[in-house]
Amino acid sequence: MIYGYCRVSTKKQSVGRQIANITKTYPDAEIVQEIYTGATLNRPVLNRLIKKLKKGDIVVFDEVSRMSRERDKGYELYMELFDKGIELVFLKEPHINTQKYRDAIKQQLSISTSEQKDGEYKGKASANLLENLEHALNQFMRELVEDNISLALDRAEKEREYLSQRTKEGLQKARDEGKILGTKPKAKLNVKKAAAAKEVMTQMLEEFGGTLSDKECLQYLCGNPTTHISRNSYYKYKRELRRELYEFI
């Protein structure tokens, strides 16, 4: 089965270009779309896709940043799927496609096996040599993958840092204009507590350039009486922040 995974961070962005690029090369691909930040791998649609993948399936990305914007997380997911026999294809970075590394390993092992048959190596020593060679090749390829993934994701991470900076500038612009993000005129809510909670979310939440996940951020908010909010309020405020933030960046 071939899947095309397309991701954007906000509803104002379009996956049209990604879909067009993927279907041009893989017209039979089943397109999977998601609106979620690439700073985390804990994405609902991605998680569901990973759970149903089987050995031999192919997942196509327009570019590596659609899979992840973080080097360590991206490499971790890449190797997890690689080890399960899932093929990953990156249209704009074909040098890191999983098949490239599988083919290289097979080629080296084929050469060594051929030499064994020709009688250059014999008996137990030959078997040990091939086993050690396969282990060494796998280790070498993993290190090579890590280096190449890191280089590709470095660019994606720099893009994320740029977006984070723009987001912070947008927040500051909104504050300078006296706007309280996420609030509506005459809304029946505790404006003071809501404003305090949103201020923490914009500074600490991973999606907005911080380091905390949703779970960690909610726990942090609930640990302070001035920002204690319910789970429903948390996600409501987060949606409001997303909508209004992107008016400023």
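We find the CG-CD distance between L53 and E80 to be 9.5 Å, quoted to the nearest 0.5 Å. Here the straight-line distance linking atom CG of L91 with atom CZ of R66 works out to 12.5 Å at 0.5 Å rounding. Note that CD of Q219 and OH of Y234 are 10.5 Å apart. Values are rounded to the nearest 0.5 Å. Put simply, CG on L49 and CD1 on I86 are 9.0 Å apart, with the number rounded to the nearest 0.5 Å. Interatomic distance, CG of L46 versus CZ of R48, reported as 10.0 Å (0.5 Å rounding). Here I96 contributes atom CD1 and Y75 contributes atom OH; the two are 12.5 Å apart, rounded to the nearest 0.5 Å.
Heavy-atom minimum distance, C6 versus I22: SG-CD1, 3.7 Å. Considering every non-hydrogen atom in both A29 and G4, the closest pair reads CB-N, 4.2 Å. Here the shortest heavy-atom pairing between I229 and S233 reads CB-CB, 4.1 Å.
Note on R7 versus E34: no salt bridge recorded, every NZ/NE/NH1/NH2 to OD/OE distance being 4.0 Å or above. At a threshold of 4.0 Å, the pair K52-E30 counts as salt-bridged, since one of the basic side-chain nitrogens sits closer than that to a carboxylate oxygen.
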From CA spacing to verdict: side-chain contact (heavy atoms from CB on, under 4.5 Å), I58, M1: CA-CA 6 Å; I58 299 173; M1 186 70 183; over 6 Å; no

Derivation of the side-chain contact (heavy atoms from CB on, under 4.5 Å) call for I50 and L77: CA-CA 10 Å; I50 291 173; L77 177 60; 3.6 Å; yes

CA sep, side-chain torsions, deciding dist, call: E63, E93, side-chain contact (heavy atoms from CB on, under 4.5 Å): CA-CA 7 Å; E63 56 184 295; E93 298 99 354; 3.8 Å; yes

K198 vs E240, side-chain contact (heavy atoms from CB on, under 4.5 Å): CA-CA, chis, key distance, verdict: CA-CA 9 Å; K198 291 183 182 110; E240 292 174 349; 3.6 Å; yes

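Remark: side-chain polar atoms of T23 are not paired, donor with acceptor, to backbone N or O of Y26 under 3.5 angstrom. In this structure, D62 contributes its side chain and N21 its backbone to no donor-acceptor pair below 3.5 Å. Within the 3.5 Å criterion, the main-chain N or O of S213 finds a donor-acceptor partner in the side chain of E216. Distance alone, capped at 3.5 Å, is enough to place a donor-acceptor pair between the T202 side chain and the E199 backbone. Distance alone, capped at 3.5 Å, places no donor-acceptor pair between the T227 side chain and the A197 backbone. Panel note: side chain R17, backbone S14; no donor-acceptor pair is recorded below 3.5 Å.
Both F90 and M79 belong to a single network of hydrophobic side chains, linked directly or stepwise wherever heavy atoms of I, L, V, M, F, W or Y lie under 4.5 Å apart. No continuous path of hydrophobic side-chain contacts links V45 to I35 [ILVMFWY only; heavy atoms under 4.5 Å]. In terms of hydrophobic clustering, with Ile, Leu, Val, Met, Phe, Trp and Tyr side chains grouped at heavy-atom distances under 4.5 Å, I19 and V32 are assigned to different clusters. Transitive grouping of hydrophobic side chains (ILVMFWY, heavy atoms separated by less than 4.5 Å) brings Y101 and V64 into a common cluster. Cluster membership check: L205 shares its hydrophobic cluster with L221, using side-chain heavy-atom separations under 4.5 Å among Ile, Leu, Val, Met, Phe, Trp and Tyr.
No side-chain heavy atom of Q18 sits under 4.5 Å from any side-chain heavy atom of I31. Counting heavy atoms from C-beta outward, K238 and D214 have side chains that approach closer than 4.5 Å. Between M201 and L241 there is a side-chain heavy-atom pair separated by less than 4.5 Å.
For residues 28-59, there are no ring-ring contact (aromatic ring centres under 6.0 Å, His included) pairs, not counting sequence neighbours.
K55 pairs by the salt bridge (charged side-chain N to carboxylate O under 4.0 Å, His left out) definition with nothing, not counting sequence neighbours. Taking Y5 as the reference, F61 meet the ring-ring contact (aromatic ring centres under 6.0 Å, His included) condition, with sequence neighbours excluded. Taking the side chain to side chain contact (heavy atoms under 4.5 Å, CB included) definition, one finds that K54 meets it with D57, sequence neighbours left out. In this view, T98 and Y78, F82, E87, L88, R102 satisfy the side chain to side chain contact (heavy atoms under 4.5 Å, CB included) rule, not counting sequence neighbours. For K73, the salt bridge (charged side-chain N to carboxylate O under 4.0 Å, His left out) criterion is met by E206, not counting sequence neighbours.
With no hydrogens or angles considered, no side-chain donor-acceptor pair links E70 and S68 at under 3.5 Å.
Within 6.0 Å of atom NZ in K92, more than 12 heavy atoms from other residues, nucleotides or ligands are found, so the atom counts as buried in its surroundings.
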